[in-house]
Amino acid sequence: MDTRRIAFDILKKIESEDIFVGEVLDNALRHLQFNDKRDRAFITRLVEGVVERKISLDFLIEKFSKKSGKTKKIDVDYKKNDKDLDIRIILRMGIYQIKYMESVPDRAAVSEMVDLTKALGLDGMTGYVNGLLRNVVRAKEDKKLDSFLVSRMDVRYSTPQWLCDFLVETHGKETARTILEDQYKEHDTVIRINSLKTSKEELREMFKEAGVDVKDGILSDRCLRISGYDSIRRLPGFNKGLFTVQDETSTYTVEHIGIKPGDKVLDICSAPGGKSLLAYELATDDDRAGVIVSRDISDKKLDKIRENAERMGASLTVEIGDATELDKDLIELPDDEKFDVVIADVPCSGLGIIGRKNDIKYHVTPESMEELAVQGLKILKNASNYLKKKGTLCFSTCTINPKENGDVVRSFIAEDDFEIIEEKTFLQGVDGSDGFYYCIMKISH
């Protein structure tokens, strides 16, 4: 299998169509699920690494092009020229292997990229690719390569400069550096045990027998942190619904809402359904079954909720619904038919999960964060109308932008009769989890 050509094709699709890496990579790996585990791991590492280090890699491309006096070999506006885009991707792949992949000999990284250049019909560029990558190797051998990447914050962390500035301004310089550094650290996969079907100890032993590294969660006893496995879907117990992938911050939040057996819960932005599934567990015991209504905006999202609910053995009422639109039918229900709990995990900029979704940082903008804050407030206001008078409202996001979080909540309670019961922000690199925010509220009278 030509792993580098497969990685190139994935990277070109991501770049030319401006789509998220997960959408393309997941689909490609499904087609390769019966291929060698090491090949799939290599493709994943190379694709994700090139994407997350794109700014740093492009900086080095420009620097070494100037050193060789060949700055015009590839256009700065490379997306307008298919050949320039191909060469840009090849150079990114080559430099990433040289700089960040110790398992790949430098000589092999150079020769493979030259061969790929030829295979793509770009014979006239082989000398350029070969020369530039060899210069990178020499700089690495002379221990000069790292020094090129420390002069600017955006280059050091391969993160847009405006976003670096925003994090410094919002969280302080040291915390901002911690957050930015965390995106490049190895993170365990967090799974939540399905208490309706198994126990933590049973699942732990099952994983250990399969050779999976297992550690306890740090925020929730319902969670385990795992590593050293190939595919999540191949793990023992996945198909039987013994667990689901869910970060501890999300589990912790739902645990703190105070859901009781028999409660009626509405999750208005539910996909892929993790919070709804835990709400079902908390609202169901031997005597009482909770009613969990899971809504989202598209059939595709609903299909994902149904798939997870069926696998986990949870009985959810899955409905299509736009959380930004007020549901008059729910408003007109008598109080005793409204919801004990409404969960609004609203669309957000995702700054808390840039370590897991390494291209979010290229798609978010200051303007989009402002728009998301406005949308979040609208959804929160709508959600409050579906609640019983003594009910509980939970607002959450996976961002660490205060304007989408606490500012939204304070704008809301300034106009509505709600009080904050509990509020918390988790910061990645600081709290040992994803970045996350939640606020639990009740009507104040």
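For the single chain, residues carry numbers from 1 onward in sequence order. Just so it is clear, the model here is predicted, and its values are computed rather than measured.
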Check ring-ring contact (aromatic ring centres under 6.0 Å, His included) between F20 and all other residues, then give those that pass, not counting sequence neighbours. H363

Which atom names give the shortest non-hydrogen contact between A383 and V342, and what distance separates them? CB-CG1, 3.7 Å

Go through F418 and F412 one step at a time and tell me if the ring pair (Phe, Tyr, Trp, His ring centres under 6.0 Å) criterion holds. CA-CA 8 Å; F418 277 80; F412 168 69; 5.1 Å; yes

So salt bridge (Lys or Arg N to Asp or Glu O under 4.0 Å) across residues 104-126, not counting sequence neighbours, yields D106-K140

How about S433 and T249: does a side-chain donor come under 3.5 Å of a side-chain acceptor? no

Between E48 and T44, do the side chains contain a donor N or O and an acceptor N or O under 3.5 Å apart? no

Please determine whether side chain to side chain donor-acceptor pair (under 3.5 Å) holds for the pair Y128 and S65, giving the CA-CA distance in whole Å, both sets of side-chain angles, and the decisive distance to 0.1 Å. CA-CA 9 Å; Y128 170 63; S65 287; 2.6 Å; yes

Apply side chain to side chain donor-acceptor pair (under 3.5 Å) to residues S220 and E248 and explain how you reach the verdict. CA-CA 6 Å; S220 171; E248 283 191 84; 5.4 Å; no

Which residues satisfy the ring-ring contact (aromatic ring centres under 6.0 Å, His included) test with Y362, sequence neighbours excluded? none

Looking only at side chains, do S349 and N401 share a donor and an acceptor under 3.5 Å apart? no

Would you indicate whether the side-chain heavy atoms of I353 and I360 approach each other to under 4.5 Å? yes

With heavy-atom distances below 4.5 Å as the criterion, would you say the side chains of P402 and T170 are in contact? yes

Distance-only, no hydrogens or angles: does the S368 side chain make a donor-acceptor pair with backbone N or O of T365 under 3.5 Å? yes

Any donor-acceptor N or O pair under 3.5 Å, side chains Y438, E422: yes

Can you find a heavy atom in the side chain of Y252 that is under 4.5 Å from one in the side chain of F436? no

Review item, side-chain donor-acceptor pairs of residues 303-312, under 3.5 Å, at least two apart:
| unit_1 | atom_1 | unit_2 | atom_2 | d |
| --- | --- | --- | --- | --- |
| D303 | OD1 | R306 | NH1 | 3.4 |
| N308 | ND2 | P272 | O | 3.0 |
| N308 | ND2 | K304 | O | 3.3 |
| R311 | NH1 | F238 | O | 3.0 |
| R311 | NH1 | F243 | O | 2.9 |

Less than 4.5 Å apart, any side-chain heavy atom of I320 and any of R295? no

Pairing residues for D431 by the salt bridge (charged side-chain N to carboxylate O under 4.0 Å, His left out) criterion, not counting sequence neighbours: none

Whether over 12 other heavy atoms sit under 6.0 Å from K13 NZ: no

Which residue pairs pass the salt bridge (Lys or Arg N to Asp or Glu O under 4.0 Å) test with at least one member in residues 348-371, sequence neighbours excluded? R356-D434

With K378 via side chain to side chain contact (heavy atoms under 4.5 Å, CB included) - residues at least two apart: T324, N382

Heavy atoms, side chains only, cut-off 4.5 Å: are I379 and L377 in contact? no

Considering residues at least two apart in sequence or located in another chain, which fulfil the ring-ring contact (aromatic ring centres under 6.0 Å, His included) criterion with F59? none

Quick one about Q428 and T178 (side-chain donor to acceptor, distance below 3.5 Å, no hydrogens or angles considered), yes or no? no

Within the structure provided, determine whether L163 and F166 are in side-chain contact (heavy-atom separation under 4.5 Å). yes

Side-chain touch I89/V50, heavy atoms, less than 4.5 angstrom: no

Taking atom types as modelled, is there a side-chain donor on Q97 or R4 under 3.5 Å from an acceptor on the other? yes

Going by salt bridge (Lys or Arg N to Asp or Glu O under 4.0 Å), name the pairs with one or both residues in residues 143-163, residues two or more places apart or in two chains. K99-D146, R152-D154

Residues two or more places apart in sequence or in another chain: which of them pass ring-ring contact (aromatic ring centres under 6.0 Å, His included) with F42? none

Restricting to non-hydrogen atoms, name the atom on H171 and the atom on I400 that form the minimum distance, rounded to 0.1 Å. NE2-O, 3.0 Å

Sequence-distant partners of H187, side chain to side chain contact (heavy atoms under 4.5 Å, CB included), two or more places apart: D182, K185

Any pair with a residue in residues 393-404 that passes salt bridge (Lys or Arg N to Asp or Glu O under 4.0 Å), sequence neighbours left out, goes on the list, sorted by first then second residue, please. none

Rounded to the nearest 0.5 Å, how far does CG of L60 lie from CD1 of I55? 12.5 Å

Decide ring pair (Phe, Tyr, Trp, His ring centres under 6.0 Å) for Y100 and Y184; before the verdict, give the C-alpha distance in whole Å, the side-chain angles of both, and the deciding distance to 0.1 Å. CA-CA 11 Å; Y100 299 105; Y184 298 110; 7.9 Å; no

Side-chain H-bond candidate by donor/acceptor type, S396 with T253, under 3.5 Å: no

Any side-chain heavy-atom pair from I14 and V47 closer than 4.5 angstrom? yes

